[in-house]
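Every chain is numbered from 1 and lettered A, B, ... according to where its sequence line falls, protein lines coming before strand lines.
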There are 4 protein chains.
Amino acid sequence: MTSADPAVAGRPLRADARRNRARVLEVAQQVFAEEGLAVPIDEIARRAGVGVGTVYRHFPTKDALFEAIIVERLRGVGEAAHELAQGPDAGRGFFAFFELMVRDASLNKALFDALAASGSFNQELTSEARQVMMTGLGELLAKAQEAGEVRADLTAADVKTFMVGCLAMARQGTADPGLIVGVVCDGMRPVSPVRTPEG
Amino acid sequence: MTSADPAVAGRPLRADARRNRARVLEVAQQVFAEEGLAVPIDEIARRAGVGVGTVYRHFPTKDALFEAIIVERLRGVGEAAHELAQGPDAGRGFFAFFELMVRDASLNKALFDALAASGSFNQELTSEARQVMMTGLGELLAKAQEAGEVRADLTAADVKTFMVGCLAMARQGTADPGLIVGVVCDGMRPVSPVRTPEG
Amino acid sequence: MTSADPAVAGRPLRADARRNRARVLEVAQQVFAEEGLAVPIDEIARRAGVGVGTVYRHFPTKDALFEAIIVERLRGVGEAAHELAQGPDAGRGFFAFFELMVRDASLNKALFDALAASGSFNQELTSEARQVMMTGLGELLAKAQEAGEVRADLTAADVKTFMVGCLAMARQGTADPGLIVGVVCDGMRPVSPVRTPEG
Amino acid sequence: MTSADPAVAGRPLRADARRNRARVLEVAQQVFAEEGLAVPIDEIARRAGVGVGTVYRHFPTKDALFEAIIVERLRGVGEAAHELAQGPDAGRGFFAFFELMVRDASLNKALFDALAASGSFNQELTSEARQVMMTGLGELLAKAQEAGEVRADLTAADVKTFMVGCLAMARQGTADPGLIVGVVCDGMRPVSPVRTPEG
DNA sequence: GATGAATGAGCTTTCATTCAT
DNA sequence: GATGAATGAAAGCTCATTCAT
């Protein structure tokens, strides 16, 4: 962990090492996004123009590398949520937030795999980044609910679930991302009395 | 179900073979559902109490086995859709249809993987079962739209996409299936003028 | 062994059994000839219209089945040699004998595989049929040598070796079978003084 | 030899890699020669004292490994033919050439398998090495024919076929290699009028 | 620090053979 | 006797990870 993220730990990396790390991360993000978790580490190393050993120096495990990507992603997501929560129109901000996820098509496959991954991954590895994200999301959600723009019975976890669902749907490529977001967002709005006349 | 037999049709399987086939299918369904596509065939064979060869006798390929499960699932879904389309209240039927997908939690991971699978799978293998499903779904959708219960701009493909999304979400285990279905179904309803006063 | 060749052993086979045995043998001969030893037993059973079990009832082993074919073949060869040995022109007969082997293209692959087979096969399994063949061949060879038409230093084993070589060559399909036989036959003729003026 | 390197050329291999590659090649040559194509890669790896992965690193496929051996062999053969063609006595050289093939007993089984191999192998994989060989052989043959030492109607392909035949025969171990070569070489000599008085 | 060669467990698949029906 | 379902030992090949250079 400490060695996986030296920026957090001890001394700063040598210039070339930092460059390599960044390059690997960048390439891995792309490749994972395009082809999912199945792509071999060797392939990533090759595309990044480094040896496998170098990849492993920076990321002790394939999962660790993958996590690093997701973490970065989730952190970004969380920060965006936080910022939007500070804005004047939390309702609008909340729904805008959804689009952010779906738009970034390049990461879908990776995120998709990450979230679909069996077990352990979700629970432990990304916990730190999840915190950041969930916090930002919770903040934003609360404000949007206060403003009456979002169903009051939804939790941040629920919303995250919907995000994942949207990612999955967008990845399908069988429906317009805008429509997907539109429908799910509509669904998250408070149910107007008009809507369910029979209820 | 019965038609998902050995080589499409042929003569009926021997009693023990049928038993084994069913057993493999059942176990595979469970195991795939629990652990996804990554689980080795050997493991499935072991759990089913048969040799690997037996699995391969019935399903010439791992993909074929997986497909058989999905196919069975989709067929069931399609048939259900068709039946509901015959009912008096297509709107209610349409939304009831969604629940059917999500309920069957045991298959989610498998379906999820199947639908997330890269390329070839989606397009060819399941085409037959997809036909059945899409037809039934289209039927049901049309009636529900006529009844004004579903947004008129949704296509059957869109709805399928939403189904997949719901499956993905339910699989997460991070939100109540009922809630998931509720939200997405609400989202698919025609947008009432009240809902988007600013639009 | 006894069960593999009931004609030699105990009571005669039931009519259908005999039919099956013959059918398997016939099909196996063809299939082995066409595709070599690599063809699965299941395939042979299928083409013969019987179950695998039936094949195994008649031939306890794949090798045994293969042997049976070779045996039959060699027996035929031996008998032909014997008959030719009785003829008036043993020299001509001897060389005609070669053609017989190469002509029968349908068996080449099988014979080829048999003779190329690693080890044990050659030495034990075919011993009986080999006897028959070698005896006939020896007879023919002796007469041809007496007539001065074949190099006196050749043994029956040598000639058999040349036969195998011709089979191998014919199988290649890269030279005219007639030419192959012609060249090798010429080579087996006594070396005329004219031929090696420098010797 | 040197050109049979990793990806045709690239940079030179690391010392240990080169050692391993050579070791694998050497072992494979021996093992294939002794036991033919059937020997598992694992076995070769084991005998070479390396992991399977190492074998596959150097030779992406079992066939590729096999080819590498044959290629090396055929190249040597072709070069020898070329050199002999430069000599003063092409006739003698031509026939000496045959011995070269048969002598090298260690490779027979491998070459045999290679040449007997069904289809694709012969046609494509070894094409480069085949070129070298066939060219050298053609050269030598032409000169020998000019000198009246070899039947004028033989093509290089025919001669190759005879070579294969000799390999097959030598492999049998049932006849003296010298005799085999002697007979076939005699057969390739021009037919003297004396030889076929009846023709 | 970087490299990439080496490792070997593990995966899918095939097929000779056995044995319940 | 016939059948074909079941078996399971290999086999070829991949790829995450280690470690000598």
Side-chain angles (χ1 to χ4, degrees), chain A residues 13-18 20-21 38-46 49-65, chain B residues 6 11 13-21 24 38-43 45-46 49-65, chain C residues 13-18 20-21 38-46 49-65, chain D residues 6 11 13-21 38-43 45-46 49-63 65:
Chain A
L13 287 173
R14 231 163 62 180
D16 59 342
R18 198 166 53 238
N20 275 337
R21 186 178 199 279
V39 74
I41 285 282
D42 294 59
E43 175 69 10
I44 289 171
R46 203 179 53 69
V50 302
V52 241
T54 303
V55 175
Y56 275 93
R57 164 160 290 269
H58 291 297
F59 308 96
T61 279
K62 192 186 189 179
D63 277 356
L65 169 57
Chain B
R11 88 198 68 172
L13 287 173
R14 231 164 58 183
D16 56 344
R18 199 166 52 238
R19 230 181 358 255
N20 273 334
R21 187 178 199 278
V24 166
V39 74
I41 286 283
D42 294 59
E43 175 68 10
R46 203 179 53 67
V50 302
V52 239
T54 302
V55 175
Y56 276 94
R57 161 166 284 268
H58 291 297
F59 309 97
T61 280
K62 190 184 190 179
D63 277 356
L65 169 57
Chain C
L13 288 173
R14 233 165 58 181
D16 58 343
R18 199 165 53 237
N20 274 339
R21 186 178 199 279
V39 74
I41 286 281
D42 294 59
E43 175 70 8
I44 289 170
R46 201 178 54 68
V50 302
V52 243
T54 304
V55 175
Y56 275 94
R57 164 160 290 271
H58 292 298
F59 308 96
T61 277
K62 191 187 190 179
D63 277 356
L65 169 58
Chain D
R11 87 197 70 171
L13 287 173
R14 231 165 59 184
D16 57 345
R18 199 166 50 237
R19 231 182 356 257
N20 273 334
R21 188 178 198 276
V39 74
I41 286 282
D42 294 58
E43 175 69 10
R46 202 178 52 68
V50 301
V52 240
T54 302
V55 176
Y56 277 97
R57 160 168 284 269
H58 291 295
F59 308 97
T61 280
K62 190 186 190 178
D63 277 357
L65 169 58

Dot-bracket, 5' to 3', for DNA chain E please: Watson-Crick or G-U pairs under 3.5 Å, [ ] where pairs cross earlier ones, | where the partner sits on another strand, dots elsewhere. .||||||||||||||||||||

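Contact check, D/H58 against E/dA6: a side-chain N or O comes under 4.0 Å of OP1 or OP2. Dashed line: the shortest gap from a side-chain N or O of B/T54 to OP1 or OP2 of F/dA5 is not under 4.0 Å. Under 4.0 angstrom from either OP1 or OP2 of E/dA2 there lies at least one side-chain N or O belonging to A/N20.
The salt bridge (charged side-chain N to carboxylate O under 4.0 Å, His left out) test applied to D/D42 returns no partner, not counting sequence neighbours.
In this structure, the separation between OG1 on D/T54 and CG on D/D16 is 9.5 Å, given to the nearest 0.5 Å.
Contact record, A/A45 with A/V55: CB-CG2, 3.9 Å, taken as the closest heavy-atom pair. For B/Y56 against B/K62, the heavy-atom pair with the smallest separation is CE2-N, 4.4 Å.
One atom, CZ of C/F59, and another, P of F/dA2, lie 12 Å apart when rounded to the nearest Å. Taking atom CZ on A/R57 and atom P on E/dG4, their separation rounds to 15 Å, with Å as the unit. Rounded to a whole Å, the CZ atom of A/R18 is 11 Å from the P atom of E/dG1.
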Please encode protein proximity along nucleotides 13-21 of chain E as a string of B, S and -, counting only heavy-atom distances under 4.0 Å. BBSSBB---

Between B/I41 and B/L65, is a side chain to side chain contact (heavy atoms under 4.5 Å, CB included) present by the stated rule, with each step listed? CA-CA 9 Å; B/I41 286 283; B/L65 169 57; 4.0 Å; yes

